[in-house]
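Shown next, in structure tokens, is the structure this report addresses.
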Protein chains: 2
Amino acid sequence: MEERTPRRPKIADVARAAGVSKTAVSFAFNSPDRLAPETASRIRDVADSLGYRPHPVARMLTQRQTLTIGVLTPQALSVIFSNPFFGAFSEGVALAAEQEGYALHFISPLHGSLARAMDHATVDGVVVVGLSADHPEVEQIRAAGVPLVMVDSSALQDLPGVEIDDEGGARAAAEHLVVLGHRDIVIIGVEAPAPTLDLDPGGVMGRRLRGYQAGLAAKGIDLDPSSVVVAPASIEGGLVALHRVWSEGKRPTGVLVMSDAMAIGVLRAARELGLRVPEDLSVVGFDDIDVSQHVNPPLTTVHQPIRRKGESAVRLLLSVVQRRDRDPEQIRLETRLIVRASTGPAPRRRQEVDRVRS
Amino acid sequence: MEERTPRRPKIADVARAAGVSKTAVSFAFNSPDRLAPETASRIRDVADSLGYRPHPVARMLTQRQTLTIGVLTPQALSVIFSNPFFGAFSEGVALAAEQEGYALHFISPLHGSLARAMDHATVDGVVVVGLSADHPEVEQIRAAGVPLVMVDSSALQDLPGVEIDDEGGARAAAEHLVVLGHRDIVIIGVEAPAPTLDLDPGGVMGRRLRGYQAGLAAKGIDLDPSSVVVAPASIEGGLVALHRVWSEGKRPTGVLVMSDAMAIGVLRAARELGLRVPEDLSVVGFDDIDVSQHVNPPLTTVHQPIRRKGESAVRLLLSVVQRRDRDPEQIRLETRLIVRASTGPAPRRRQEVDRVRS
DNA sequence: CCGGTTTGCTAAACCGGTTTTGTAAACCGG
DNA sequence: CCGGTTTACAAAACCGGTTTAGCAAACCGG
């Protein structure tokens, strides 16, 4: 019964069993050339006969690196993973990380506190996504000496970051609707994760909003502030958003949605309201996630290179991690409007739409 | 210029600055009640004036816990994240993990070796997904004393695990097609991550295959082995799979697909081939991911509670992590067929289908 | 065969915390 | 005011590795 709880063997156990010092065991694994070949292999034999594996945490402590990069988000992971956008982004992140031999650690608020979560995160660097650069946590991370790269943040000059041309994309989307004759347009935005920083003008939401407004203004359309509603960035969020718009009595002919996941929800809500898309209602998304071309009808949307965004962020981060002294670099990726079947000419008479819903 | 590389302050620095011992500093953070109140708060003041944060790795080493759980997959993260199924699963995992205050660490083969990846992973437990239980790595993880829960694996009695009724779901899917009059049926399976263990009969793929076969056999249909093709579990994978089937001269009227992501690709391939779904070709998926009801046409599929699967796995894991001495528990979740619009009666004459393609 | 280098290994210090053990001073009942 | 307990903190051991410094034996050219 001495087998009770077979304690994990430590390096000292191996050393004792092999009749050598801890140093020798360490050498056998990390610099075998510093040992006589037969000694090294004997030690290794003993080691794996004992089932020894170096304790990763102890190793991290001495080597001062974790071979892990963190992905930090201000929302709960359970909410961001519900948006396919994040899956695709993670795909890019994972691709670059794996190539360089890094694992991925997702960091989200712990008991409501991002700071607390960061304190427990053992990473060599962090990709911060969707957090405004003046957020206190960001400063804290910098102070802790952890390299970071901002993604989809309000640009801060002295921090490396990756962003896309949100404003240009949004503007193209808005112009597209206007050219089709739409005049009554509603914008569905992404709800801020926390009540604070709600309309951070530098954030993604702010930039897209400016783009939409610019596109509308260019054609002489003035956007009523009440025509901007927000909801969580998910299918469900888009669904309830359009229903809310309708129940408030608004009867737009076109909807600009800041995320494809939400746009898919909008499509569904439209069907539930008895609206045909695009005959009664035109819908434009943002992101161009994989499924957008397969939904019914295929979604007109603003394409952004999601995977490449993730990849770029990681490469940028690792370049900082590996050679600390670098000028902060900003990468900017392009967007472009992709016209599919969810948009069409505005209905002739607004009344038509009303009648449909009766 | 002494500010060059502002070294991260350590506990000894705080102790010195506050004129106390390291012990006192540690107490100030972890058990303030063991210190005079004013001493404790003075130490804390000094600490955060220095910007001190306990080093997470050092803390892990002494406390013997990382507050992190690992999710281990045999495929590269960049490939599994491309399947929305995994996003939803992660959502469930994240939900349960966050509630208990655990972070998430994704582990995938490092330079081709899962073992090497595990060696670098600092986790309190692992959710192993899609790895057969007799895989050598699994034994290695157990040997390392890391608690684990198997998900979607061939059941192994002495390991805790979460699985779904793959066979029943598949059987229902097959019977559904048969009842609709389909006789020429092709099965599109998920490609094994590695060439080894290709048709692991205990794995998900094997179980679903058995279910399909049982469903067909019950109605007197014998499945030709050549009617089973495999491809990667992604939209793209399904797309090429159906094209391959067609180019091999097969003209099924129904397709049973082992994943919704692939099924979406199949829908697209069908459109490219000039086939109407479901008039010319019926398609049944598996998983019931969120978008499946929004694609064109809405996908008939076998529903499985994806999020709940992730949640259950984590809860099971944490119950093991927290009180080691437990009997291995097996959780089994139900599946059910959801009939939407991608399936319909088999076309009357097979020739019709051929003609369409001409 | 002698001084210097190389080989092969070990002892001890270290990474940055936590925890156990120890100790001086304050407190306290009798 | 004296022995015993409590309070408030410090010294040292420890977590499980890596790395530096060091030491004895073997080797080696002259």
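Residue numbers begin at 1 in each chain, while the letters A, B, ... track the order of the sequences.
Nucleotides of DNA chain D nearest to B:T62 and A:T62 differ in position, and the one nearer the 5' end is that of B:T62. Residue-to-nucleotide proximity on DNA chain D shows that, of B:S21 and B:R64, the 5′-proximal contact is made by B:S21.
Of all nucleotides present, only D:dA10 satisfies the Watson-Crick or G-U wobble test against C:dT21, with each distance under 3.5 Å. Across all strands shown, D:dG30 pairs with C:dC1; the Watson-Crick or G-U wobble distances both stay below 3.5 Å.
Between B:D124 and B:T68 the shortest side-chain heavy-atom distance does not fall below 4.5 Å.
Among the heavy atoms of the strands, none lies under 4.0 Å from A:F29. At a threshold of 4.0 angstrom between heavy atoms, the contacts of A:V20 are confined to the sugar-phosphate backbone, with no base atom among them. The residue B:L61 sits close to a base: some heavy atom pair falls under 4.0 Å.
A:F81 has its ring centre no less than 6.0 Å from the ring centre of B:F86.
The distance between atom NZ of B:K22 and atom P of D:dA12, rounded to the nearest whole Å, is 11 Å. Distance CD (A:Q65) to P (D:dT18): 12 Å, rounded to an integer number of Å. Rounded to an integer number of Å, the gap from CZ of B:R59 to P of D:dG16 is 18 Å. Rounded to whole Å, the distance from NE2 on A:H120 to P on C:dT18 is 11 Å. The distance between atom CD of A:Q63 and atom P of D:dT20, rounded to the nearest whole Å, is 12 Å. The interatomic distance linking B:R34 (CZ) with D:dA10 (C1') rounds to 12 Å, in whole Å. For A:R42 and C:dC9, the CZ to C1' distance is 11 Å, given to the nearest whole Å. Whole-Å rounding puts the A:F27 CZ to D:dG22 C1' distance at 12 Å.
Listed candidates were C:dG17, D:dG17, C:dT21. Nearest to the side chain of A:K10 is D:dG17. In this structure, the nucleotide among C:dT10, C:dG17, D:dT18 sitting nearest to the side chain of A:A24 is C:dT10. Taking every side-chain heavy atom of A:T23 into account, C:dA12 is the closest of C:dA12, C:dT20, C:dC9. Residue B:H55 places its side chain closer to C:dG17 than to any other of C:dG17, C:dT20, D:dA8.
Under a 4.0 Å N-O distance rule, the pair A:D48/A:R53 does not qualify as a salt bridge. At a threshold of 4.0 Å, the pair B:D13-B:R8 does not count as salt-bridged, since none of the basic side-chain nitrogens sits closer than that to a carboxylate oxygen.
In this structure, B:Y52 reaches the C:dG17 phosphate: one of its side-chain N or O atoms is under 4.0 Å from OP1 or OP2.
The minimum heavy-atom distance between B:R59 and B:P54, with the atom names listed, is NH2-CG, 3.2 Å.
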